[in-house]
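Any value given below was found using the heavy atoms of this structure, including those in side chains, with hydrogens, waters and symmetry copies removed.
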Amino acid sequence: MLFERKHYLNLLQNADGNGMIKVITGIRRCGKSFLLFNLFRKRLIEKGIHEDHIIQVNLEDRRNKRLRDPDILLQHIDSMMTDTDKYYILLDEVQLVNEFEDVLNSYLSVPNAEVYVTGSNAKFLSKDIITEFRGRGWEIHIHPLSFAEYYEVVGGEKAEALEQYYKYGGLPAVAGLERAEDKQHYLREIFETVYLKDVIDRNHLKNADGLRELVRILASIIGSSTNVRRIANTFKTAAGIDITPATITKYIECLQDAFIISEALRYDVKGRKYIGTETKYYFEDVGIRNAIVDFRQLEPTHIMENVVYNELRRNGFSVDVGQVESFKRDDQGHLKRRNLEIDFVVNRHDERLYIQSAYALPSQEKMDQEQASLLHVKDGFQKVIVAGDRYISGYNENGILVESLYDFLLGKQKF
């Protein structure tokens, strides 16, 4: 199966000539190398760039081990730049090069060098690239396949395709496998031998079993608010393990740096501030999440919420969990305050949306439940319910957009 990744190709092409190092980040096996070395290379050639002006090095390849030496890599690239025409330098997993920052900095002052590099760790960008380049690094973050990318190639009945996507996620290699047992085997193996091993080795972690158990806990509570102390208590009661909140915080940061998980902080809509330490964790790929729980706990409500969260981030939104106050009189006439949750408060530039993820809206009672928090938000930004059982999108009597999940995932949003 060939997934064209048109959105990311356009981002790569649009960054051409901006005077910065183009840094392609993303979870391992999400398709960064194929995007850069195959799809982007093909587009360059179609634009008329000669093949000998495209210099590509896969630094993860054992055959290129000697090029992980920064001076040898510089010499190799320089030896191939034989004229003043523009050269495209494509480096895969550049963080494997010692002092790679110096190597990349060396080409910022070369007028005919256009540099694209990939990396699989957030620290690679946030701590090294930004510090060293001081605004000269341009991040393009690649996610696993969206449902729209997946469905464009797989086709068939939408509901059946979405069910497969919910179960096995969007890693390109998984989508290309036919048998369910092969998909499950791949996801289990890649988690243990690539993702988990990479986090342990990169961060020199001693307690592999503790990290593995933490990931299982996070996978079992997607879409649920938690905090580090509560997770520590879960370790103690469920696994009989004493692990400090500080260690859990470190492990979570390592998982985030590897793009395996990301968080949505709790945000007080009325007070316009973040609240305490409560947060929600979501997985970059739901297939990996499902493999971690051995394909049990496949609750479609929580998986749909994770998929909606990923789609919002893929579309460039920052995503928080909203909280809004509500006051209601009890049977004795006393005014009681309660906090209502908004699944997602999302922002992009000056745009804001309040979004609820609802797997099904079978009754007016369920509709009232889902829209209650949205109705207590008094600003003028749009309120949306993404509904899994609706095939037509439209506004209800309260001015809330009830968006079909398929419209939302396939890029036919009304917002």
Interatomic distance, Asp379 atom CG to Arg272 atom CZ [nearest 0.5 angstrom] = 7.5 Å
Does the side chain of Thr118 come under 3.5 Å of the side chain of Asp92 through a donor N or O and an acceptor N or O?
-> yes
Can you find a side-chain donor-acceptor pair between Asn227 and Glu278 that sits under 3.5 Å?
-> yes
Donor-acceptor contact below 3.5 Å, side chain Asn396 vs main chain Asn398 = yes
Please check if atom CZ in Arg43 has more than 12 non-hydrogen atoms from other residues, nucleotides or ligands closer than 6.0 Å.
-> yes
Audit row: Glu149, Lys6, salt bridge (charged side-chain N to carboxylate O under 4.0 Å, His left out) steps and yes/no | CA-CA 9 Å; Glu149 290 176 307; Lys6 297 173 186 175; over 6 Å; no
Lys383 side chain to Phe381 backbone, donor-acceptor under 3.5 Å | yes
Do side-chain atoms of Tyr116 reach the backbone of Leu36 as a donor and acceptor pair under 3.5 angstrom?
-> no
Would you say Val23 and Val94 make side-chain contact, with heavy atoms under 4.5 Å?
-> no
Is any side-chain heavy atom of Lys167 closer than 4.5 Å to a side-chain heavy atom of Gln164?
-> no
Is there a side-chain contact between Ile342 and Tyr267, using heavy atoms and a 4.5 Å cut-off?
-> no
Relative to the ring of Tyr150, is the ring of Phe147 parallel (under 30°), tilted (30 to 60°) or perpendicular (over 60°)?
-> tilted
Would you please say whether a donor-acceptor pair under 3.5 Å links the side chains of Tyr251 and Glu213?
-> no
Tyr282 and Glu305: side chain donor to acceptor below 3.5 Å | yes
pair Phe283-Ile292: side-chain heavy atoms closer than 4.5 Å | yes
Validation row: His53, Lys86 side chains within 4.5 angstrom (heavy atoms) | no
Hey, does Leu409 have a side-chain heavy atom less than 4.5 Å from the side chain of Lys158?
-> no
Give a yes or no on whether the backbone of Arg296 and the side-chain of Asp294 come within a donor-acceptor separation of less than 3.5 Å.
-> no
Side chain Lys280, main chain Gly223, donor-acceptor under 3.5 Å | yes
Measuring from Leu73:CG to Phe100:CZ, what's the distance to the nearest 0.5 Å?
-> 12.0 Å
Considering the options Leu405, Asp343, Ile303, which one meets the side chain to side chain contact (heavy atoms under 4.5 Å, CB included) requirement together with Val308?
-> Leu405
Check the side chains of Glu325 and His376 for a donor-acceptor pair under 3.5 angstrom, ignoring hydrogens and angles.
-> no
Starting from the C-alpha separation in whole Å, work towards a yes-or-no answer on salt bridge (charged side-chain N to carboxylate O under 4.0 Å, His left out) for Glu253 and Lys250.
-> CA-CA 5 Å; Glu253 288 174 353; Lys250 176 185 177 181; over 6 Å; no
Arg289 side chain to Ala219 main-chain N or O, any donor-acceptor pair under 3.5 Å?
-> yes
Is there a donor-acceptor pair closer than 3.5 Å between any side-chain N or O of Asp407 and the backbone N or O of Glu403?
-> no
Taking the side chain as every heavy atom from C-beta outward, state whether Val103 and Glu99 have any pair of such atoms under 4.5 Å apart.
-> no
Between Lys197 and Tyr195, is there a donor-acceptor pair closer than 3.5 Å when you use the side chain of the first and the backbone of the second?
-> no
Short side-chain to backbone donor-acceptor contact, Lys32 and Ile27, under 3.5 Å | yes
Donor on one side chain, acceptor on other, Ser357 and Tyr309, under 3.5 Å | no
What distance do Leu2 atom CG and Leu39 atom CG have between them, rounded to the nearest 0.5 Å?
-> 6.0 Å
Can you check salt bridge (charged side-chain N to carboxylate O under 4.0 Å, His left out) on Lys366 and Glu370, steps first, answer last?
-> CA-CA 6 Å; Lys366 179 62 175 174; Glu370 292 293 344; 3.0 Å; yes
Between Asp78 and Tyr107: side-chain donor-acceptor atoms closer than 3.5 Å | yes
Any chance CD of Glu46 has more than 12 other-residue heavy atoms, nucleotides or ligands included, within less than 6.0 Å?
-> yes
Quick one: does Tyr359's side chain get under 4.5 Å of His302's, heavy atoms only?
-> no
Donor-acceptor pair, Glu284 side chain versus Ser262 backbone, under 3.5 Å?
-> no
